[in-house]
Amino acid sequence: MEDIRQEVINNDALSRWAVLEKQWPTQLARVDALLIRDGIEHEDSIKLKTTAVKEWMFRFPFINSILIIGKDKLIFFGNAEKGDLLQAALANAQSSGKSVTVLKKSEPITGDEIKRLFDEVNKMGVKAFGVFAREKQKGAMIEAFDEELRYRGYEEVDVSTQIQEIMCVKLPADIKLLEAACNVTAYFFSNLINKLEGEIDDNAKPAHSAISKHMEDYLLKAKGTIEKRLGVKAEFFDYAYSPIIQSGGEYDLRPNAENNDNALSYDCLLLNVSGKYLSLICNVFRTVMINPGEDDKNNYKALLDLHKRTIRGLKVEKPLNAVYDEIVQYARDTYPALADKLPVSLGFGIGYEFKESCLLINKKNARAVESGNVFTVITSFKD
């Protein structure tokens with residue numbers, strides 16, 4: 001817990017609060033405060049932005065709590081341990097002209113606690129809350145809070161897109177952590193390649209799911225190694241999802257593909273490893289071909305050319321649809337037989353969320369690249 005506490009303090013939540021305040025007149029002009037409900041873990045709950053924005057601001061998810069963030073006042077409602085952690089993160093708030101109120105809830109919560117929470121909200125002069133409308137939360141605390149919220153007639157405005165746009169511009173500290181995430185993920189990807197080479201040399205054909213399980217097990221074994229070699233705190237690294245291995249002619253090019261129990265086939269392998277370090281996510285997609293024919297080699301060379309050009313095209317102030325259009329036109333001029341087999345998107349932003357939809361590299365997205373954007377570039381040919 002002490003390591004987590006130190007990371008929370010090091011994250012400089014006040015500077016991130018200042019980022020929100022600076023963006024308020026434009027991105028958050030329709031609301032008076034952000035309302036971040038976070039209920040119990042439940043299969044029907046969605047917590048993508050709910051978790052991401054708290055990890056962005058505090059480096060900690062503060063599960064099962066209510067967080068209200070205004071321009072200069074913040075209210076936290078949660079258990080005593082989390083409340084103490086948040087106060088440590090914002091210890092210097094008063095000197096920055098900010099006010100922080102921590103209300104510690106009991107289990108189960110009482111009606112008086114909810115009323116005290118809204119008494120504090122009233123002091124903020126809030127009429128409209130910015131919320132994540134699609135991320136419905138569960139639990140007794142959420143039900144009691146929402147009932148009082150409806151009774152008092154507050155307006156709720158969905159700010160999911162606006163918050164993602166704020167978080168997609170990474171701060172220097174975020175970039176440093178993303179670099180660490182990439183280094184560690186690349187290390188584990190190399191282990192995956194070594195594992196596959198060994199299986200092929202032995203003429204073994206393990207199931208795709210078994211290879212993925214090996215990678216999960218290896219993560220636990222290699223914690224000490226990555227700390228020594230790569231200078232990271234291993235307790236804060238994990239896979240964003242289980243490594244994915246595909247072969248045998250049936251391929252799912254989506255990042256959220258799943259492993260099956262089919263045996264490894266010595267043909268074309270699609271490999272996907274996604275790592276997460278202190279809340280920041282990166283991803284490696286690769287194709288490995290075994291004894292490819294000349295057409296396969298030529299197609300891959302063409303794809304690699306387009307992939308590198310896409311990366312080079314991602315320049316500050318350049319619209320993302322211009323990046324996409326240039327690649328499609330280059331493919332038509334250089335590889336006419338393959339141009340129509342390109343995907344509708346060449347990648348997207350990545351960071352606190354696996355997929356930042358505001359940074360899709362496609363023909364419709366006119367958003368310009370900004371300094372601090374981070375992308376995962378994914379090029380492929382269908383069929």
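These figures come from a predicted structure and were not determined experimentally.
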Side-chain donor-acceptor pair present, [X], [Y], cut-off under 3.5 Å:
X      : Y      : value
Glu216 : Ser242 : yes
Thr110 : Asp112 : no
Ser106 : Glu113 : yes
Gln329 : Asp325 : no
Ser209 : Asp261 : yes
Asn260 : His208 : yes
Asn362 : Ser345 : no

Nearest-0.5 Å distance that lies between atom [atom1] in [X] and atom [atom2] in [Y]:
X      : Y      : atom1 : atom2 : result
Ile66  : Leu35  : CD1   : CG    : 7.0 Å
Asn262 : Ser247 : CG    : OG    : 7.5 Å
Thr50  : Lys136 : OG1   : NZ    : 10.5 Å
Thr51  : Ile63  : OG1   : CD1   : 6.5 Å
Gln162 : Cys358 : CD    : SG    : 10.5 Å
Ser265 : Gln246 : OG    : CD    : 12.5 Å

query = Step by step, would you call Glu353 with Lys49 a salt bridge (charged side-chain N to carboxylate O under 4.0 Å, His left out)?
reply = CA-CA 7 Å; Glu353 293 182 86; Lys49 289 178 178 61; 3.1 Å; yes

Any side-chain heavy atom of [X] sitting closer than 4.5 Å to one from [Y]?
X      : Y      : result
Asn272 : Ile245 : no
Lys195 : Ile193 : no
Tyr352 : Gln164 : no
Thr185 : Asn283 : no
Leu171 : Asp174 : yes
Lys364 : Asn321 : no
Leu74  : Lys98  : no
Leu34  : Ile68  : no

ask   = What pair of heavy atoms forms the shortest contact from Val131 to Asp158, and how long is it?
value = O-OD1, 3.1 Å

remark   = Smallest heavy-atom separation, Asp267 atom then Gly249 atom, equals OD2-N, 4.1 Å

When you check the gap from the basic side-chain N to the acidic O, do [X] and [Y] get nearer than 4.0 Å?
X      : Y      : answer
Asp146 : Arg37  : yes
Glu148 : Arg152 : yes
Asp84  : Lys104 : yes
Lys54  : Asp38  : yes
Lys138 : Glu143 : no
Lys123 : Glu120 : yes
Glu356 : Lys170 : yes

key: Intermediate values then yes/no, side-chain contact (heavy atoms from CB on, under 4.5 Å), Leu196 and Leu264   = CA-CA 9 Å; Leu196 291 169; Leu264 182 68; 4.0 Å; yes

[X], [Y]: one ILVMFWY side-chain cluster at the under-4.5 Å cut-off?
X      : Y      : answer
Val126 : Val102 : no
Ile175 : Met167 : yes
Phe348 : Ile163 : yes

Residues 217-226 side chain polar contacts: donor-acceptor under 3.5 Å, at least two apart:
residue : atom : partner : partner atom : Å
Asp217  : OD1  : Lys213  : NZ           : 3.0
Asp217  : OD2  : Lys213  : NZ           : 3.0
Tyr218  : OH   : Tyr187  : OH           : 2.8
Lys223  : NZ   : Ala234  : O            : 3.2

Is the [atom1] atom of [X] crowded by more than 12 outside heavy atoms at less than 6.0 Å?
X      : atom1 : value
Asn291 : CG    : no
Arg134 : CZ    : no
Asn10  : CG    : yes
Lys127 : NZ    : no
Gln87  : CD    : yes

inquiry  = With ring-ring contact (aromatic ring centres under 6.0 Å, His included) as the rule and sequence neighbours excluded, what pairs involving residues 233-259 come up?
reply    = Phe188-Phe237, Phe188-Tyr239, Tyr241-Phe354

ask   = Which pairs pass ring-ring contact (aromatic ring centres under 6.0 Å, His included) with one or both residues in residues 273-320, sequence neighbours excluded?
value = none

remark   = Going by chain and number, the hydrophobic cluster around Val323 (ILVMFWY, side chain to side chain under 4.5 Å) further includes Leu303, Leu306, Ile311, Leu314, Leu320, Tyr324, Ile327, Val328, Tyr330, Tyr335, Leu338, Leu342, Leu346, Leu359, Ile361, Val369, Phe375, Val377, Phe381

message = For a ring pair (Phe, Tyr, Trp, His ring centres under 6.0 Å) check, start with the C-alpha distance between Phe58 and Phe60, then their side-chain angles and the critical distance, and finish with the verdict.
response = CA-CA 5 Å; Phe58 299 106; Phe60 190 76; 9.2 Å; no

query = When you measure from the side chain of Glu156 to the backbone N and O of Gly130, does any donor-acceptor pair fall under 3.5 Å?
reply = no

query = Under 3.5 Å, is there a donor-acceptor pair between the side chain of Arg16 and the main chain of Trp56?
reply = yes

message = Does the Lys NZ or Arg CZ of Lys105 fall within the cation-pi geometry relative to Phe76 - under 6.0 Å from the ring centre and within 45° of the axis?
response = no

inquiry  = Before you tell me yes or no, could you show the steps for Glu235 and Asp3 under side-chain contact (heavy atoms from CB on, under 4.5 Å), namely the whole-Å CA-CA distance, both residues' side-chain angles and the distance that decides it to 0.1 Å?
reply    = CA-CA 9 Å; Glu235 65 181 298; Asp3 282 348; 2.6 Å; yes

message = Run Asn79 and Asn64 through side-chain hydrogen bond (donor to acceptor under 3.5 Å, both in side chains) and show every step you take.
response = CA-CA 8 Å; Asn79 70 28; Asn64 200 19; over 6 Å; no

key: Those residues that, when tested against Asn92, pass side-chain contact (heavy atoms from CB on, under 4.5 Å) (two or more places apart)   = Leu14, Ser95

query = salt bridge (Lys or Arg N to Asp or Glu O under 4.0 Å) with Glu370: which residues, sequence neighbours excluded?
reply = Arg367

ask   = Pick from Leu149, Val31, Asp32: which one makes a side-chain contact (heavy atoms from CB on, under 4.5 Å) with Phe129?
value = Leu149

